[in-house]
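We use all heavy atoms of the structure for the numbers below, so side chains are in, but hydrogens, waters and symmetry mates are not.
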Amino acid sequence: MVQYRILAASYTHDIYTLIFDPIAGTLSIVYTSTVGHHPSWITPYPGDNSLIFTGLEEEDAKVLAMKYNNAGEGTVMVTIPSGGTFPCSLLASKEELFIANYETGGIAILPITPTAPFLLCSSPTTIEWSGSGPNQDRQTRSHPHQVVLIDEYQELLVPDLGADKVFRLKKSPDGSWKIHDHIQYEPGSGPRHIVFHDGYLYTVLELTNKVTKHRLPPLPSPPQFITSLSTFSDPPPAPPNTMFAAEILLPKLNSSFLTPYIYVSNRNDPSPDGDCIAIFSISDNSGSDALRLVNEIHTGLKHVRGMAFGGPEDKWLAVGGVNAGGVRIFERVDGGRNLKLVAVQDDVEAPTGFLWL
């Protein structure tokens, strides 16, 4: 019998270890690791999912390295300051841990290793910048919200919700990362998360509930805007509003799923059926159907922030509701154009992100 372990980050003090049994259709909590205030994002060391890193999303922010055993029990190995405040996203390469410190502006970088002591210095290097946007409630300063490494370009991309930009960094000959350019977005749009595929960048804009598509060649070439669409078939009123787009994912292409689709989560839908996931077709890269909404799936969850694909061929999608609903597992069906609910776990409190082990 094949079962899958999933880690769930949260807006509590805990990271949950879950077991998903696709045959029985069950999702069970097998271990709870108490680590500190709001471990909202988790990222693995490349090639070793037993070593994960998380940030405590608070003013006195910390970064933790944790090891997990085969039973799913996590142990904190080392803790150091995050180099800023409210680290909302992290990314590990084989040599560096990148930290998006939401309130500070800019990112922090730590040298890492797959063996003890895991974090190789007691204070990270910081790259700070400043920016702002017209939304006075959310954009009075820079708010980095994610870090993405494009391996084929050797570029580091950082969406800045506060500055309406995605910054593009490259490594200098001395080994330090430097800002080389940025992608500009509509004022007040708030770029939150991104995915890159086949030379195109897809960005979810939190504050205007849109997803955009750019042609993105490597530096020094500039990006080319292609199109933008609402993340809802029936968009909410113009800002200010309380419904916000959150996550954007593009699962693997394989023999079972030949056509690429983008999946975008939306938060705070007043529908009794909960928040929805919008599915977009992207197969026509630059024509009239460069980005097309093909489906919306209501999840039964409230305040969906994080979700993650996993299992063989990225067959399943883990989704969490911070305010209600716990965690739900959906199966990709109809070639990826639809989602089917297969398992529910109501007892996970305030889930914010996932990692399939």
Side-chain angles (χ1 to χ4, degrees), residues 37-43 53-65 79-93 95-112 119-150 153-185 187-194 196 201 203-207 216 219-220 223 246 352-353:
H37 182 78
H38 284 195
S40 64
W41 190 270
I42 43 182
T43 191
F53 303 92
T54 188
L56 303 184
E57 198 172 336
E58 59 182 339
E59 188 168 353
D60 185 23
K62 301 288 192 301
V63 169
L64 284 59
T79 303
I80 69 166
S82 77
T85 57
F86 294 88
C88 64
S89 180
L90 301 90
L91 174 71
S93 70
E95 296 179 346
E96 294 171 302
L97 180 68
F98 304 97
I99 307 156
N101 286 306
Y102 181 83
E103 284 294 336
T104 309
I107 61 172
I109 304 173
L110 280 166
I112 60 175
L119 303 178
L120 294 178
C121 69
S122 58
S123 179
T125 299
T126 58
I127 304 173
E128 297 182 359
W129 59 76
S130 61
S132 61
N135 187 324
Q136 290 303 296
D137 291 329
R138 300 290 305 278
Q139 295 186 307
T140 57
R141 61 187 303 172
S142 282
H143 291 306
H145 215 297
Q146 191 187 32
V147 183
V148 172
L149 182 63
I150 303 180
Y153 293 177
Q154 284 301 291
E155 288 188 33
L156 199 65
L157 271 58
V158 182
D160 188 330
L161 183 147
D164 292 322
K165 297 175 181 178
V166 170
F167 288 95
R168 305 176 71 179
L169 293 80
K170 284 191 72 71
K171 186 167 278 191
S172 301
D174 65 1
S176 63
W177 289 92
K178 305 290 186 184
I179 296 174
H180 280 251
D181 203 351
H182 68 268
I183 305 160
Q184 184 68 55
Y185 294 80
S189 57
R192 177 184 172 95
H193 283 187
I194 58 176
F196 179 78
L201 183 71
T203 307
V204 64
L205 305 176
E206 175 177 335
L207 302 182
L216 188 69
L219 286 166
T352 55

S.K.: How long is the span from the CD1 atom in Ile107 to the CH2 atom in Trp177, to the nearest 0.5 Å?
M.R.: 8.5 Å

S.K.: Throw together a table of side-chain donor-acceptor distances under 3.5 angstrom for residues 157-164, partners on residues two or more places apart or in other chains.
M.R.:
unit_1	atom_1	unit_2	atom_2	d
Asp160	OD1	His143	N	2.7
Asp160	OD1	Gly162	N	3.0
Asp160	OD1	Ala163	N	3.1
Asp160	OD2	Trp129	NE1	2.9
Asp160	OD2	Ser142	OG	2.9
Asp164	OD1	Gln139	NE2	2.7
Asp164	OD1	Ser189	N	3.1
Asp164	OD1	Gly190	N	2.9
Asp164	OD2	Gln139	NE2	3.3
Asp164	OD2	Gly188	N	2.7

S.K.: Could you check if a side-chain atom of Ile127 sits within less than 4.5 angstrom of a side-chain atom of Leu169, using non-hydrogen atoms only?
M.R.: yes

S.K.: Compare all side-chain heavy atoms of Cys88 with those of His145 and state whether any distance is below 4.5 angstrom.
M.R.: yes

S.K.: Checking His182 now: which residues fulfil ring pair (Phe, Tyr, Trp, His ring centres under 6.0 Å) with it, not counting sequence neighbours?
M.R.: none

S.K.: Report the residues that fulfil side-chain hydrogen bond (donor to acceptor under 3.5 Å, both in side chains) with Thr126, sequence neighbours left out, ordered by chain and then residue number.
M.R.: none

S.K.: Under 3.5 Å, is there a donor-acceptor pair between the side chain of Thr54 and the main chain of Trp41?
M.R.: yes

S.K.: Decide yes or no on salt bridge (Lys or Arg N to Asp or Glu O under 4.0 Å) for Arg168 and Glu155, but give the supporting numbers first.
M.R.: CA-CA 6 Å; Arg168 305 176 71 179; Glu155 288 188 33; 2.9 Å; yes

S.K.: Only counting residues at least two apart or in another chain, list the ones meeting ring pair (Phe, Tyr, Trp, His ring centres under 6.0 Å) with His37.
M.R.: His13

S.K.: Tell me whether Glu95 at atom CD has more than 12 heavy atoms from other residues, nucleotides or ligands lying less than 6.0 Å away.
M.R.: no

S.K.: List the atom of Thr352, the atom of Pro39, and the distance in Å for their closest heavy-atom pair.
M.R.: OG1-O, 4.4 Å

S.K.: Going by heavy atoms in the side chains, are Ile112 and Phe53 under 4.5 Å from each other?
M.R.: yes

S.K.: Among residues at least two apart in sequence or on other chains, which ones pass side-chain contact (heavy atoms from CB on, under 4.5 Å) with Thr203?
M.R.: Tyr185, Pro191, Ile194, Leu201, Leu205, Thr212

S.K.: Side-chain contact test, heavy atoms from C-beta onward, threshold under 4.5 Å: evaluate it for Leu119 versus Thr79 and give yes or no.
M.R.: no

S.K.: Which pair of non-hydrogen atoms, one from Gly83 and one from Ala108, has the smallest distance, and what is that distance?
M.R.: CA-CB, 4.4 Å

S.K.: Please identify each residue that fulfils side-chain hydrogen bond (donor to acceptor under 3.5 Å, both in side chains) with Lys171, with sequence neighbours left out.
M.R.: Glu96

S.K.: Just jot down the side-chain hydrogen bond (donor to acceptor under 3.5 Å, both in side chains) partners of Thr104, sequence neighbours excluded, or say none.
M.R.: Thr85

S.K.: Return the NZ to CG distance between Lys165 and Asp181, rounded to the nearest 0.5 Å.
M.R.: 10.0 Å

S.K.: Got a sec, which residues hit side-chain hydrogen bond (donor to acceptor under 3.5 Å, both in side chains) with Thr140, two or more places apart in sequence or on another chain?
M.R.: none

S.K.: Just to verify, what does Ser176 make a side-chain contact (heavy atoms from CB on, under 4.5 Å) with, not counting sequence neighbours?
M.R.: Ser172, Asp174, Lys178

S.K.: Is a side-chain donor or acceptor of Lys170 paired with a backbone partner of Gln154 at a separation under 3.5 angstrom?
M.R.: yes

S.K.: Applying side-chain contact (heavy atoms from CB on, under 4.5 Å), can you list everything that pairs with Ala246, at least two apart in sequence or on another chain?
M.R.: Arg192, Ser265, Arg267

S.K.: Rounded to the nearest 0.5 Å, what separates atom CZ in Phe98 from atom OG in Ser93?
M.R.: 4.5 Å

S.K.: Quick one: list whatever passes side-chain contact (heavy atoms from CB on, under 4.5 Å) with Pro81, sequence neighbours left out.
M.R.: none

S.K.: State, yes or no, whether a side-chain contact exists between Gln146 and Ser89 at a heavy-atom distance under 4.5 Å.
M.R.: yes

S.K.: Once you round to the nearest 0.5 Å, how far does CG of Leu219 lie from OH of Tyr153?
M.R.: 9.5 Å

S.K.: If you round to the nearest 0.5 Å, how far is CG of Leu90 from CD1 of Ile99?
M.R.: 5.5 Å

S.K.: Does Asn101 reach the side chain of Phe86, with side-chain heavy atoms less than 4.5 Å apart?
M.R.: no

S.K.: Does any part of the side chain of Ile109, heavy atoms only, come nearer than 4.5 Å to the side chain of Pro124, both counted from C-beta?
M.R.: no

S.K.: Passes side-chain contact (heavy atoms from CB on, under 4.5 Å), Leu216 versus Phe196? Steps please.
M.R.: CA-CA 9 Å; Leu216 188 69; Phe196 179 78; 4.1 Å; yes

S.K.: Among pairs that include at least one residue of residues 54-65, which meet salt bridge (Lys or Arg N to Asp or Glu O under 4.0 Å), considering only residues two or more places apart or in two chains?
M.R.: Asp60-Lys62

S.K.: So which heavy atom on Pro144 is nearest to which on Gly105, and how close?
M.R.: CD-CA, 3.7 Å

S.K.: Just verifying a value: how many Å separate Leu64 CG and Ser82 OG, rounded to the nearest 0.5 Å?
M.R.: 10.5 Å

S.K.: Looking at every non-hydrogen atom in both residues, tell me the closest pair between Leu110 and Cys121 and how far apart they are.
M.R.: CD2-SG, 3.5 Å

